[in-house]
Amino acid sequence: MKIPKISDSEWQVMKIVWANKYCTANDIVQKISEAADWKPNTTTTLINRLLKKGIIDYEVDENDNKTYNYFAIVPESQCVKAESESFLRRVFNGSLNLMLENFINESKLSEDEIDKLKQILDKKKG
């Protein structure tokens, strides 16, 4: 399944949806307002975009036909994978080696971080 591109703003909404099995638009608006200075209409616009992209869906509350409970259709892991692959293609021409080399050379890594990277590579190797 091809995962649609998710904008940075949509990622903020999705983090809330992924963190909760179900959430209402009001839940999302409230949590977003704690982190960003968005108007409620901005958040509902983003929810509608995510619905159209097929990333989320909703169920109407049985007790209150006006309340929509949103939930993720596409798991976070699939979106992270798709975004990672897109980033790798766009920025590093698909070269994982070039990306890793760049990040390692440009980062100040602690001994523990270096050891962890070695463990990951050794595990892949054997």
Side-chain angles (χ1 to χ4, degrees):
M1 171 184 183
K2 183 166 173 24
I3 308 297
K5 176 88 172 109
I6 300 174
S7 72
D8 290 344
S9 299
E10 291 167 344
W11 271 97
Q12 290 187 46
V13 172
M14 286 308 301
K15 286 179 183 179
I16 295 166
V17 175
W18 283 318
N20 301 279
K21 187 173 180 174
Y22 292 99
C23 51
T24 65
N26 286 340
D27 295 335
I28 298 169
V29 166
Q30 180 183 359
K31 288 186 190 323
I32 289 280
S33 69
E34 294 169 6
D37 193 24
W38 293 358
K39 293 191 182 340
N41 286 346
T42 302
T43 303
T44 54
T45 296
L46 293 168
I47 291 169
N48 286 324
R49 283 188 201 163
L50 291 163
L51 283 165
K52 287 178 186 169
K53 290 180 179 186
I55 304 291
I56 63 173
D57 204 353
Y58 66 90
E59 293 177 354
V60 179
D61 191 309
E62 296 173 1
N63 301 320
D64 173 10
N65 288 339
K66 297 177 188 174
T67 302
Y68 291 23
N69 293 304
Y70 296 96
F71 58 92
I73 295 174
V74 181
E76 182 176 14
S77 60
Q78 285 184 10
C79 290
V80 168
K81 182 179 180 202
E83 187 67 26
S84 298
E85 290 169 353
S86 173
F87 173 78
L88 190 61
R89 278 191 311 275
R90 280 190 333 269
V91 179
F92 296 99
N93 293 324
S95 172
L96 181 60
N97 292 342
L98 184 59
M99 182 193 78
L100 288 173
E101 184 178 336
N102 182 70
F103 280 113
I104 290 169
N105 287 334
E106 297 300 321
S107 301
K108 292 184 191 239
L109 298 171
S110 69
E111 292 281 331
D112 288 340
E113 291 169 325
I114 292 169
D115 289 341
K116 180 67 175 167
L117 285 170
K118 285 180 181 178
Q119 288 173 2
I120 292 167
L121 291 171
D122 287 342
K123 188 175 178 181
K124 276 292 203 186
K125 194 179 196 180

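Heavy atoms only: backbone and side chains are in, while hydrogens, waters and symmetry mates are out.
Residue pairs meeting the salt bridge (Lys or Arg N to Asp or Glu O under 4.0 Å) criterion with at least one partner in residues 89-98, sequence neighbours excluded, are absent.
Smallest separation of non-hydrogen atoms from Asp61 and Asn65: O-OD1, 3.5 Å. Contact detail for Lys53 and Pro4: the closest heavy-atom pair is O-CG, 3.3 Å. Taking each heavy atom of Ile3 and Cys79 in turn, the nearest pair found is CG2-SG, 3.9 Å. Across all their heavy atoms, Ala72 and Val17 have their closest contact at N-CG1, 3.5 Å. Counting all heavy atoms, side chain and backbone alike, Glu113 lies closest to Lys108 at OE1-O, 3.8 Å.
Applying the salt bridge (charged side-chain N to carboxylate O under 4.0 Å, His left out) criterion to Glu85, with sequence neighbours excluded, gives Lys81.
The shortest side-chain heavy-atom distance between Met99 and Val91 does not fall under the 4.5 Å cut-off. For the pair Tyr68 and Val60, the minimum side-chain heavy-atom distance is below 4.5 Å. By the 4.5 Å heavy-atom criterion applied to side chains, Leu100 and Phe92 are not counted as neighbours. Glu10 places none of its side-chain heavy atoms less than 4.5 Å from the side chain of Ile55. Under the 4.5 Å side-chain criterion, counting only non-hydrogen atoms from C-beta, Val13 is not in contact with Tyr70. Leu46 is listed as a side-chain neighbour of Trp38, based on a closest heavy-atom distance under 4.5 Å. Under the 4.5 Å side-chain criterion, counting only non-hydrogen atoms from C-beta, Asn69 is not in contact with Lys21. Proximity of Lys116 to Ile120: side-chain heavy atoms (C-beta onward) are separated by under 4.5 Å at one or more points.
Between the side chain of Asn102 and the main chain of Leu98, no donor-acceptor pair closer than 3.5 Å is present. No donor-acceptor distance shorter than 3.5 angstrom exists from the side chain of Asp115 to the backbone of Asp112, with no hydrogens or angles considered. Side chain of Ser86 to main chain of Ala82: no donor-acceptor pair is present (N/O by atom type, distance under 3.5 Å, no hydrogens or angles).
Atom NZ of Lys15 has 12 or fewer heavy atoms from other residues, nucleotides or ligands within 6.0 Å. Atom CG of Asp122 has more than 12 heavy atoms from other residues, nucleotides or ligands within 6.0 Å.
Ring pair Phe103/Phe87 is tilted by interplanar angle, where 30° to 60° counts as tilted.
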